[in-house]
Amino acid sequence: ELTGRAPDYVVLTHHHPDHSSGACAACAAAQTKLVSLAASRKLLLERQPVAELPAAGADGFASIGTKVLVPDTVIPDGSGAVSLDLGGRTVRLVPRIGHTPGDLTVEIDDPRVVWTGDLCFNGLFPFYGDAIPSKLAETTNKLLTEKGATNLYRIQPDGQYERIAGGNSVTFEYSPAAGGTVAYGQANPSNPGELFLWRSGKTQQLSDFNPWLRDHRLSPPEEYWYDGLDGAKVHAWLVRPVNMVDGCRYPTIVYVHCSMFSWDFNHEVQVYANAGFAVAYFNQRGTTAGYGQAWTHASEGDQGGADYAEIMLGVDELVSRPFVDAKRLGVTGGSCGGFMTNWIIGHTNRFAAAVTQRSITNQISFFGTSDIGPEGTEGETGTNAWKNLEASWRQSPIAYAANINTPLLILHADEDYRCALDQAEQLFAVLRWMGKAVEMVVFEGENHGLTRGGRPGNRIEHQRRILGWFQKHLGAHPISGENTR
């Protein structure tokens, strides 16, 4: 988390030996964009035009005052690592799993190392800066994700800062004006978004886009933390059924994801709660909602390993609650959450129904067929089929299709270029071939963003299909008596 002292500053640069006499257009364009608050280290990055960089010295470094650029010309050792002597201190940089040889990360926990990319498609490069504070030319505003919330910070030239918008909410956009005024949009679990104005320490709400919500019943999420692996605490939320009656057990849906859940408004969860379901969701290791880079990278090369185990620990804790019916559990998720849904039902019969959305099923055929590129697959699995066929197959949910006994609904879109339609078709085909309980619905003319930006009619139908599947297999009525597990 942010500390009370002024943050250190580092200079963001990129240097090619063959560009020492002048910057390429791509590098110059990169410098105009790569200015952001480093989410992992909370360091402020200041702009340094490429054209002003000195040529690399004989040692291969381009020095800028007391700051040192680690160039992409360094020669890794046999393991792909690089040891650098920076001012008498040796820093060992090691390759991150699944990334290019130039993509190194610091083996030691040093808060002065940050990461960025360039537009020459040469991967990611580390930059090391001495802990000597610099100065900003003017006040700046930055968004920072912290434990499921996205907060807006105002940072002064002297390094002092304050949070001007945040809490249990998501600030999704902002626009500063002269004089320090900032307009921003913010959502929270009870509202999909309004516009606000911050001026001289005071906040004013500018809009009321969603007055209709005041006439509807919402169930607020209850925040809690449960014990994960290795003593870790896992951030979680629970939404109770609307009009819940004490002394009854309710069907419960576990919503899974490998990216993040947050303090945003979630209309899907509210639909389930109004239909009589409890809903729980967790930010287990591997998620990206502001718990540190180690947490985010924890599942790389181990898809369905520790992340799955930590989810199941959350399920153990969940069913200890008297109103959760342990015999009527459902699971659903989209994208990497669809991957996890597929994985879960291939490894446990604990769930009575499942819905997988826009999912990944086969890491081998997924390689190179997604709009995130082949590096996306290798970055998650730590390998590819040509390096290690067994490891790629082992991290593929379809490898465990014979173990799936949970009734499964597969939802996909025919113009999904993130997770291609064949990912859904493969799982559907093998489960039908094996005589399993499975149905598939394909939405024509929709893409990976169907549930967020699809045609309204299709979004409603998508939600109706999910709700109908859980009502069919779990029922939506409470049962008298507390949970006996």
Side-chain angles (χ1 to χ4, degrees), residues 253-259 268 303-304 308 330-348 351-374 376-377 380-381 384-385 392-455 457-470 472-473:
I253 299 169
V254 177
Y255 217 118
V256 293
H257 209 294
C258 310
S259 178
E268 297 179 29
Q303 298 295 293
Y308 163 72
V331 60
T332 188
S335 196
C336 61
F339 162 90
M340 186 56 69
T341 298
N342 300 334
W343 186 273
I344 286 172
I345 61 175
H347 289 79
T348 180
F351 294 89
V355 180
T356 184
Q357 311 169 45
R358 55 192 185 279
S359 72
I360 301 169
T361 65
N362 187 334
Q363 300 287 10
I364 297 173
S365 61
F366 186 66
F367 184 88
T369 64
S370 171
D371 60 3
I372 59 175
T377 304
E380 294 295 333
T381 63
N384 62 54
S392 293
W393 184 244
R394 174 175 49 81
Q395 296 179 78
S396 300
I398 200 169
Y400 310 94
N403 301 332
I404 295 178
N405 298 304
T406 304
L408 176 65
L409 173 63
I410 301 173
L411 300 179
H412 220 94
D414 67 342
E415 295 181 9
D416 190 333
Y417 303 123
R418 180 64 45 83
C419 302
L421 179 59
D422 78 285
Q423 292 290 309
E425 292 175 329
Q426 289 181 59
L427 184 60
F428 175 72
V430 69
L431 291 179
R432 284 297 293 268
W433 183 260
M434 293 178 175
K436 309 284 187 173
V438 60
E439 292 183 13
M440 182 171 70
V441 178
V442 178
F443 289 82
E444 293 185 343
E446 298 291 357
N447 57 38
H448 198 69
L450 165 60
T451 60
R452 283 87 65 209
R455 297 176 181 86
N458 285 339
R459 293 177 68 182
I460 293 171
E461 179 64 15
H462 190 275
Q463 185 72 76
R464 189 185 70 81
R465 293 279 184 167
I466 298 174
L467 183 60
W469 190 258
F470 285 134
K472 175 182 178 180
H473 293 281

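Note that CG of Asn342 is 11.0 Å distant from CG of Asn362, once rounded to the nearest 0.5 Å. Of the inter-residue distances, the one linking Glu446 atom CD with Glu461 atom CD reads 11.5 Å to the nearest 0.5 angstrom. Taking CG from Leu411 and CD1 from Ile466, the interatomic distance works out to 5.5 Å, rounded to the nearest 0.5 Å. Between the CG atom in Leu421 and the CD atom in Gln426 there is a gap of 10.0 Å [rounded to 0.5 Å]. To the nearest 0.5 Å, the span separating CG on Leu427 from CD1 on Ile404 amounts to 5.5 Å. The CG atom of Leu409 sits 7.5 Å away from the CZ atom of Arg465 when rounded to the nearest 0.5 Å.
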Exercise. Quick one: do Thr361 and Phe366 satisfy side-chain contact (heavy atoms from CB on, under 4.5 Å)? Show the steps, please.
Key: CA-CA 8 Å; Thr361 65; Phe366 186 66; over 6 Å; no

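Side chains of Val254 and Ile344 form no contact here, defined as non-hydrogen atoms less than 4.5 Å apart. Residues Val331 and Val256 are in side-chain contact: their nearest non-hydrogen atoms beyond the backbone lie under 4.5 Å apart. Looking at Thr369 and Tyr417, their side chains never come closer than 4.5 Å, going by heavy atoms from C-beta outward.
Listed for the Lys436 side chain is no donor-acceptor partner under 3.5 Å among the backbone atoms of Phe428. A donor-acceptor pair under 3.5 Å is absent between the side-chain atoms of Thr332 and the main chain of Ala354, judged by distance alone. Thr341 places a side-chain N or O within donor-acceptor distance of the main-chain N or O of Gly333, the cut-off being under 3.5 Å. Although no hydrogens or angles enter the test, the distance criterion places a donor-acceptor pair under 3.5 Å between the side chain of Arg455 and the main chain of Gly445. Side chain of Tyr400 to main chain of Arg394: a donor-acceptor pair is present (N/O by atom type, distance under 3.5 Å, no hydrogens or angles). Between the side chain of Ser396 and the backbone N or O of Gln363, at least one donor-acceptor pair lies under 3.5 Å. Looking at Glu380, its side chain never comes within 3.5 Å of a backbone N or O of Gln303 through a donor-acceptor pair. Formation of a donor-acceptor pair under 3.5 Å by the Thr356 side chain with backbone atoms of Gly338 is found in this model. Of the possible donor and acceptor atoms, one in the side chain of Gln395 sits under 3.5 Å from a partner among the backbone N and O of Thr381. In this structure a side-chain-to-backbone donor-acceptor pair under 3.5 Å is present from Arg459 to Arg452.
Of the residues His257, His448, Arg418, the one that meets the side-chain hydrogen bond (donor to acceptor under 3.5 Å, both in side chains) test with Ser335 is His448.
The nearest pair of heavy atoms linking Cys336 to Ser259 is SG-N, 3.5 Å. In terms of heavy atoms, Ala352 sits closest to Pro407 at O-CD, 3.4 Å. Heavy-atom minimum distance, Pro374 versus Phe367: CB-CZ, 3.4 Å. The minimum heavy-atom distance between Pro397 and Ile360, with the atom names listed, is CG-O, 3.8 Å.
Donor-acceptor pairing under 3.5 Å is lacking for the side chains of His462 and Thr451. For the 3.5 Å distance criterion, the side chains of Ser359 and Gln423 fail to qualify, holding no donor opposite an acceptor.
Between Trp343 and His347, the ring-plane angle classifies as parallel under the 30° and 60° cut-offs.
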